[in-house]
Amino acid sequence: MPPARGIRRQLPTSPWLFMAPGILVVAAFILFPFVSTVWKSFTDARMLVPGGFVGVANYRAMLDDPAFWTSLRNSALYVVMVVPCTVVLPLLLALLVRRQIPGIAFFRAAFYTPVVASVVVVGLIWVWMLDDRGLINGVLQALGAGKVDFLGDSWLLLFSAMAVTVWKGLGYYMVIYLAALANVPRDLVEAAEVDGAGPVRRFLSVTVPAVRSTMVLVAALSSVAAFKVFTEVYVMAGPNGGPAGEDTTLVMLVQQVGTGLSGRVGYSSAISVVLFVITLGLMLLVLRADRKEDM
Amino acid sequence: MTTAVTPATATDPPEPEAHGRPRRRITERDGRRIPPWQLALRYALLLIVLAVCVGPFLWQLSTSLKGSHENIYSYPPKLLPSSPTLHNYAGVADIIPVWDYALNSLKVAAASVLTNCAGASLAGYALSRLRFRGRAVAVLVFLVAMLVPAESIVISQFLTMRQLHLNNTLTAVVLPGSIGAMNVLLMRNAFSHLPYEVEEAALVDGATVWQRFWRIALPSVKGTLAVVAIFSFMGAWDDFLWPLIVLSDPHEYTLTVGLNYLHGTFSSDQRLVAAGTIIAVAPLIVMFACLQRYFFRGVGEGAVKG
């Protein structure tokens, strides 16, 4: 805890003057909208109509809404597919750039570049890469394989978006792992080497246990992020979520349902509450992982 | 483009002790040599990953430099433009006011940096150093705010902005993220790690709260302040969902929304889209090249906060 004792002779108002801007912004633009979202989820409010209380009607409607189930499936699938990749690949990458060999600072920086770019830019870059006549299909053709219509088929499109998400996150999680790897005791690795353990064995029985808590942290961070996916899919599949809306994610549904002059604010709020509850569940995982870190 | 990211001066937060080590022999930290074949394998892998991570950006850059007479769909693909031209950078401005959008993004990002640095350091200082009733509640407010995903409240935020008659303005784009709860907690953390004695001495000498904050505490947390500034800039510059929802007038678009619009226009030319994306990404890559250390540091601090 901060050592606040001893400060007494200040004007009673000054701490709140310091706090005021922060509290005001957070209260007005985060907490109030949050409370309002929860309240509106129980009303039939529309964009131009305040609406009245309808109980759990919105939540009931959700259960019968195929669009809701499709988007929930897509967001959940996103977590299931993306998270294992973001836990394992950046760790391997961190091991690769861990040693101080000449030029390694350049490689580390270069691997981080996709993190700096906005998701819109990254999405557009990959739309072009994966285009019917783009670079990837050119390479595939050169290798004798046929063309793949990455952006035409709803499943391929979703998987392509997932790959882009993983690609964009590689450098970010690599940096987290690098910090963790710096703390792996050197003698453990050496002992394993003396015992004649090969690189795979050393990885599985020394490195992985040593960075286990970081892996949990990365898993939790990336699952929260993956569940809230919006921009990649929006840019790559279009505002309507690809062919027949099959690629809509939960956040995309919130945006589709809740915006526009006829936006169904009440229903959109109910979907937002579901989104919040599921994300909170994933976040609790973060806090638990964090606590393990401290031990 | 990536050659801009070369500085070998990049510091390396996880292993700072590796600095100043003589570089004659390629050894591990404990002085053992790495066998040459292993080193070769390592560099081969590094180059492959490099191609995967940076290649798409270079391909985009190359596309943006190809003239309108050059076939960008040629097979096999041509990696380099035959006669590089900046024509597309002018051309993209004929379709969308890309420089206005860039200016809008710059305004939003700059405002976000200012408000976050000022607001978060003030609140962080009070939370860490000043004693007042309700401090625990204030900490809780920021913690709770951090847990609320922005994606789940965008519609209500939009309604709030409409009530304030701010929708469709850049002010509305800035406001919700103008003082991030996480930044407040980061600054509080930074202030709490400072030794208290100096401020206590200043207090004894009669320094006011403002003097202690401005003259003593703030200069000592410049590193964290830089992290807050950089991540505020990047967050605002790269944000898409919120500006997409709150801006309806194409004149007020930020770059990300404008680019998506360009991509959606009927006869979108890949060369122009490529030029637009390069305009959007170049400033951040330059910034990253210059301030790498803080980017890496921010990842660590952000991750621990969760």
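All of these numbers come straight from a predicted model, not from anything done at the bench. First the proteins, then the strands, lettered A, B, ... as listed; each starts at 1. Computation of the quantities below employed the complete heavy-atom set of this structure, encompassing side-chain atoms and omitting hydrogens, waters and symmetry-equivalent molecules.
Side-chain N/O atoms of A:Thr37 and B:Ser156 include a donor and acceptor closer than 3.5 Å. Side chain to side chain, A:Ser118 and B:Trp237 fail the donor-acceptor criterion of an N or O pair below 3.5 Å.
The candidate with the highest count of non-hydrogen atom pairs below 4.5 Å against chain B, out of A:Val235, A:Thr231, A:Thr279, is A:Thr231. Your options are B:His193, B:Gln60, B:Gln157, and the one with the most heavy-atom pairs under 4.5 Å with chain A is B:Gln60. Interface summary for chain B: among A:Phe34, A:Phe230, A:Phe111, A:Tyr173, the most heavy-atom pairs under 4.5 angstrom belong to A:Phe111. Counting heavy-atom pairs closer than 4.5 Å to chain A, the top residue among B:Asp239, B:Leu45, B:Val49 is B:Val49. Note: B:Ile72 leads B:Ile72, B:Asn116, B:Val144 in heavy-atom pairs under 4.5 Å with chain A. In terms of heavy-atom pairs under 4.5 angstrom with chain A, the leader among B:Phe158, B:Phe142, B:Phe295 is B:Phe142. Of the listed residues A:Ala142, A:Gly123, A:Ala45, A:Ala27, the one with more heavy-atom pairs under 4.5 angstrom with chain B than any other is A:Ala142.
For A:Lys228, the parts lying under 4.5 angstrom from a heavy atom of chain B are both the backbone and the side chain. Only the side chain of A:Val26 comes within contact range of chain B, judged by heavy atoms closer than 4.5 Å. In this structure, the portion of B:Met161 lying under 4.5 Å from any heavy atom of chain A is its side chain and not its backbone. The parts of A:Ser36 that come within reach of chain B are both its backbone and its side chain, each placing non-hydrogen atoms under 4.5 angstrom from that chain. For A:Val251, the part lying near chain B is the side chain, with the backbone staying farther off; criterion is any non-hydrogen pair under 4.5 Å. Heavy atoms of B:Val184 lying under 4.5 Å from chain A are absent altogether. For chain A, the nearby parts of B:Thr256 are the backbone and the side chain; heavy atoms of each come within less than 4.5 Å. Only the backbone of B:Arg133 comes within less than 4.5 Å of a heavy atom of chain A; no side-chain atom from C-beta onward does. At a 4.5 Å heavy-atom cutoff, the contact between B:Leu284 and chain A is made by backbone and side-chain atoms alike. A:Ala28 touches chain B through its backbone: at least one of N, CA, C or O sits under 4.5 Å from a heavy atom, while the side chain does not. Proximity to chain B (any heavy atom under 4.5 Å) is shown, for A:Leu250, by neither the backbone nor the side chain. For A:Leu95, the part lying near chain B is the backbone, with the side chain staying farther off; criterion is any non-hydrogen pair under 4.5 Å. Residue contact with chain A, scored on non-hydrogen atoms closer than 4.5 Å, involves the backbone and the side chain of B:Leu46 alike. With a 4.5 Å cut-off on non-hydrogen atoms, B:Val52 touches chain A through its backbone and its side chain both. Contact of A:Ile104 with chain B is made through the side chain alone, with heavy-atom distances under 4.5 Å. Looking at B:Leu255, neither its backbone nor its side chain comes within 4.5 Å of chain A, counting heavy atoms on both sides. The contact between A:Leu31 and chain B is made entirely by side chain atoms (from C-beta outward), counting heavy-atom distances below 4.5 Å. With a 4.5 Å cut-off on non-hydrogen atoms, A:Asp131 touches chain B through its side chain but not through its backbone. With a threshold of 4.5 angstrom between heavy atoms, B:Gln270 approaches chain A through side-chain atoms but not through N, CA, C or O. Both the backbone and the side chain of A:Ile23 come within contact range of chain B, with heavy atoms under 4.5 Å apart. Residue contact with chain B, scored on non-hydrogen atoms closer than 4.5 Å, is absent for A:Val257.
Ring geometry, A:Phe18 versus B:Phe213: the interplanar angle exceeds 60°, so the pair is classed perpendicular (tilted spans 30 to 60°).
The closest side-chain heavy-atom distance from A:Ser14 to B:Trp210 is not below 4.5 Å. Using a 4.5 Å heavy-atom cutoff, the side chains of B:Ile155 and A:Lys40 are not in contact. Side chains of A:Met47 and B:Leu159 form a contact here, defined as non-hydrogen atoms less than 4.5 Å apart. Within the 4.5 Å cutoff, the side chain of A:Gln255 has no heavy atoms near those of the B:Val154 side chain.
In this structure, A:Arg98 CZ and B:Arg42 CZ are separated by 9.0 Å, a value rounded to the nearest 0.5 Å. Here the SG-NZ distance, from B:Cys53 to A:Lys168, works out to 12.0 Å after rounding to the nearest 0.5 Å. Summarising the geometry, atom CZ belonging to B:Phe288 is positioned 6.5 Å from atom OH belonging to A:Tyr112; distances are rounded to the nearest 0.5 Å. Annotation: the span from B:Trp59 atom CH2 to A:Leu135 atom CG amounts to 5.0 Å, rounded to 0.5 Å. Atom NE2 in B:His263 sits 5.5 Å away from atom CG in A:Leu124 (nearest 0.5 Å). Once rounded to the nearest 0.5 Å, the distance linking CG of A:Leu24 with CD1 of B:Ile179 reads 8.0 Å.
Under the 3.5 Å distance criterion, the side-chain polar atoms of B:Arg135 are left unmatched by any main-chain donor or acceptor of A:Pro15.
Ring centroids of B:Trp242 and A:Phe29 are separated by 6.0 Å or more, keeping the two rings apart. A centroid separation of 6.0 Å or more is found between the aromatic rings of B:Phe57 and A:Trp128.
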### Query
side chain to side chain contact (heavy atoms under 4.5 Å, CB included) between B:Leu130 and A:Met19: does it pass, once the steps are laid out?
CA-CA 10 Å; B:Leu130 307 179; A:Met19 298 293 307; over 6 Å; no
#### Entry: Trace of the side chain to side chain contact (heavy atoms under 4.5 Å, CB included) decision for B:Met287 with A:Val116
CA-CA 9 Å; B:Met287 206 167 117; A:Val116 178; over 6 Å; no
### Task
Show your working on side chain to side chain contact (heavy atoms under 4.5 Å, CB included) between A:Tyr234 and B:Asn260 and close with a plain yes or no.
CA-CA 9 Å; A:Tyr234 186 93; B:Asn260 178 66; 3.4 Å; yes
### Task
Let me see the working for A:Ile101 and B:Tyr43 under side chain to side chain contact (heavy atoms under 4.5 Å, CB included), right down to the final yes or no.
CA-CA 9 Å; A:Ile101 53 180; B:Tyr43 277 113; 3.7 Å; yes
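When all heavy atoms of B:Thr160 and A:Pro33 are compared, the closest pair comes out as OG1-CG, 4.1 Å. The two residues B:Pro149 and A:Phe276 have their closest heavy-atom pair at CD-CD1, 3.4 Å. Across A:Val25 and B:Pro176, no two heavy atoms sit closer than the pair CG1-O, 4.3 Å. The two residues A:Ala109 and B:Phe296 have their closest heavy-atom pair at CA-CZ, 4.3 Å. The minimum heavy-atom distance linking A:Leu48 with B:Arg162 is given by the pair CD2-NH1, 3.6 Å.
For the side chain to side chain contact (heavy atoms under 4.5 Å, CB included) test with A:Val120, the passing option among B:Leu259, B:Val257, B:Leu244 is B:Leu259; the others fail.
The neighbour count for A:Leu261 CG, taken as heavy atoms of other residues, nucleotides or ligands under 6.0 Å away, does not exceed 12.
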